[in-house]
Amino acid sequence: TVLLHEMEKYNILLEIILTSLEKLEKAVKGEVVMSQDLDDMYTFLLMFKVPPAWKIYDSLKGLGAWYPDLGSRVKFIRGWLNGGVPASFRLGAFVFPQGFLTGALQAHAREHQIPIDLLSFDYEVLPYISPDQVKEVPKVGVYIGGLYLEGSAWDSFKSVIVDLPYGQLFQPMNYIHFIPVEKKEEKPTYYSCPIYKTAARQGVLTTTGLSSNFVIAVDLPTEVDPTNWTIRGAAL
């Protein structure tokens with residue numbers, strides 16, 4: 001179901017892009033009237049910005065980075081469709097990542113006959129950095145990658161979050177195993193690290209009382225007081 005929803009959204013976006021570019025080409029050639037919408041889109045493209053009509057998902061990228069990112073997103077979704085469930089998932093490839101995570105919980109709930117309201121995620125940071133290192137689909141849960149730590153770094157030797165090296169603002173994060181559990185232990189010594197869709201972090205307040213930019217919070221081990229990372233604004 002998640003795959004179908006994502007495919008539908010990307011197909012709509014690709015159709016919007018193709019149709020609008022065809023209309024713009026005709027308008028530039030003088031074959032059709034240059035409407036205000038087409039003129040605005042032309043201005044955005046000249047400024048290397050993403051036209052508002054193309055923004056079906058949150059992104060801060062300029063046009064030069066946004067377009068190849070869209071290509072990688074579509075490639076991932078197409079690979080899932082043609083090759084089956086991948087060994088790992090890039091959370092940033094989803095238009096609605098919260099829906100994907102909910103889908104993972106629903107699949108586990110159906111398989112084990114557990115009410116989904118009783119399920120939540122536990123987390124294990126893996127020693128993998130590249131998707132090529134992830135060879136098999138986990139028996140339980142999903143492997144998530146493509147994340148970056150801002151305001152902190154991951155120490156693979158100690159398996160804790162630490163200070164960033166001097167001069168760095170962010171660092172690629174190891175793959176994380178999202179494990180559905182029925183009774184999750186409280187981990188007061190862990191830092192509840194939020195995952196956001198974009199580095200801006202701001203979003204629209206939803207009916208859940210959370211920002212639309214917020215995805216989920218991941219428990220990460222730390223050797224210092226977790227409030228240290230809260231003050232520093234550490235996030236994924």
Side-chain angles (χ1 to χ4, degrees), residues 1-21 37 40-41 43-81 86 88-106 121 123 131 142-152 169-173 175-176 178 192-218 220 229-230 232-236:
T1 303
V2 173
L3 176 59
L4 292 177
H5 286 167
E6 292 292 323
M7 285 172 53
E8 181 181 6
K9 291 169 183 174
Y10 280 117
N11 283 335
I12 291 173
L13 174 58
L14 294 175
E15 180 64 26
I16 290 173
I17 293 173
L18 179 62
T19 302
S20 60
L21 288 177
D37 289 341
D40 291 342
M41 186 179 82
T43 301
F44 271 92
L45 294 177
L46 288 177
M47 298 173 64
F48 293 97
K49 293 183 178 181
V50 181
W54 297 4
K55 293 184 177 182
I56 70 165
Y57 56 82
D58 295 326
S59 176
L60 301 178
K61 293 180 173 66
L63 185 62
W66 182 89
Y67 185 74
D69 177 65
L70 172 62
S72 69
R73 287 167 174 254
V74 172
K75 181 180 180 182
F76 172 79
I77 296 297
R78 185 180 290 123
W80 186 1
L81 174 65
S88 63
F89 294 87
R90 175 190 161 207
L91 199 60
F94 295 97
V95 174
F96 187 53
Q98 296 96 323
F100 166 72
L101 295 177
T102 300
L105 289 177
Q106 288 175 336
F121 282 115
Y123 310 95
V142 290
Y143 293 151
I144 298 295
L147 300 173
Y148 289 83
L149 258 177
E150 184 179 8
S152 63
L169 297 178
F170 57 87
Q171 187 180 83
M173 180 60 180
Y175 275 69
I176 302 174
F178 282 55
S192 186
C193 184
I195 297 179
Y196 293 100
K197 295 179 183 177
T198 70
R201 305 187 185 185
Q202 64 185 14
V204 179
L205 191 65
T206 65
T207 54
T208 61
L210 301 173
S211 167
S212 59
N213 206 349
F214 174 79
V215 179
I216 198 171
V218 176
L220 297 178
W229 305 114
T230 303
R232 296 190 180 201
L236 287 161

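In this chain, residues are counted from 1 in sequence order.
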Are [X] and [Y] close enough that some pair of their side-chain heavy atoms sits under 4.5 Å apart?
| X | Y | answer |
| --- | --- | --- |
| L70 | I17 | yes |
| L45 | L21 | yes |
| C193 | L149 | yes |
| L91 | I195 | yes |

Straight-line distance of [X] [atom1] to [Y] [atom2], nearest 0.5 Å:
| X | Y | atom1 | atom2 | value |
| --- | --- | --- | --- | --- |
| F100 | F178 | CZ | CZ | 9.0 Å |
| R73 | W66 | CZ | CH2 | 9.0 Å |
| K55 | L13 | NZ | CG | 12.5 Å |
| K197 | S59 | NZ | OG | 12.0 Å |
| Y67 | F48 | OH | CZ | 14.5 Å |
| S88 | I176 | OG | CD1 | 12.5 Å |

Might you point out which heavy atoms bring [X] and [Y] nearest each other, and give the distance in Å?
| X | Y | result |
| --- | --- | --- |
| V215 | L101 | CG1-CD1, 3.8 Å |
| P86 | W80 | CD-CD1, 3.6 Å |
| V50 | F44 | O-CD2, 3.7 Å |
| M41 | S20 | CE-O, 3.3 Å |

(request) With side chain to side chain contact (heavy atoms under 4.5 Å, CB included) as the test, would you mind laying out the steps for L220 and W229 before giving the verdict? (result) CA-CA 11 Å; L220 297 178; W229 305 114; over 6 Å; no
(request) Give the C-alpha distance, both sets of side-chain angles, the deciding distance and a yes or no for side chain to side chain contact (heavy atoms under 4.5 Å, CB included) between W54 and L63. (result) CA-CA 11 Å; W54 297 4; L63 185 62; 4.2 Å; yes
Counting distance only, does the side-chain N/O of [X] pair as donor-acceptor with the main-chain N or O of [Y] below 3.5 Å?
| X | Y | result |
| --- | --- | --- |
| Q98 | F214 | yes |
| Y123 | A217 | yes |
| T19 | I16 | no |
| N11 | M7 | yes |
| E6 | F96 | yes |

(request) Could you tell me whether K9 atom NZ has more than 12 heavy atoms of other residues or ligands within 6.0 Å of it? (result)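 Buried by this count: over 12 neighbours within 6.0 Å.
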(request) Report the C-alpha separation of F94 and Y57 in whole Å, then their side-chain angles, then the decisive distance to 0.1 Å, and conclude whether the side chain to side chain contact (heavy atoms under 4.5 Å, CB included) test is met. (result) CA-CA 9 Å; F94 295 97; Y57 56 82; over 6 Å; no
(message) Using ring pair (Phe, Tyr, Trp, His ring centres under 6.0 Å), reason through Y175 and Y143 one step at a time and then give a plain yes or no.
(response) CA-CA 6 Å; Y175 275 69; Y143 293 151; 7.8 Å; no
(request) Give the C-alpha distance, both sets of side-chain angles, the deciding distance and a yes or no for side chain to side chain contact (heavy atoms under 4.5 Å, CB included) between F121 and I144. (result) CA-CA 12 Å; F121 282 115; I144 298 295; over 6 Å; no
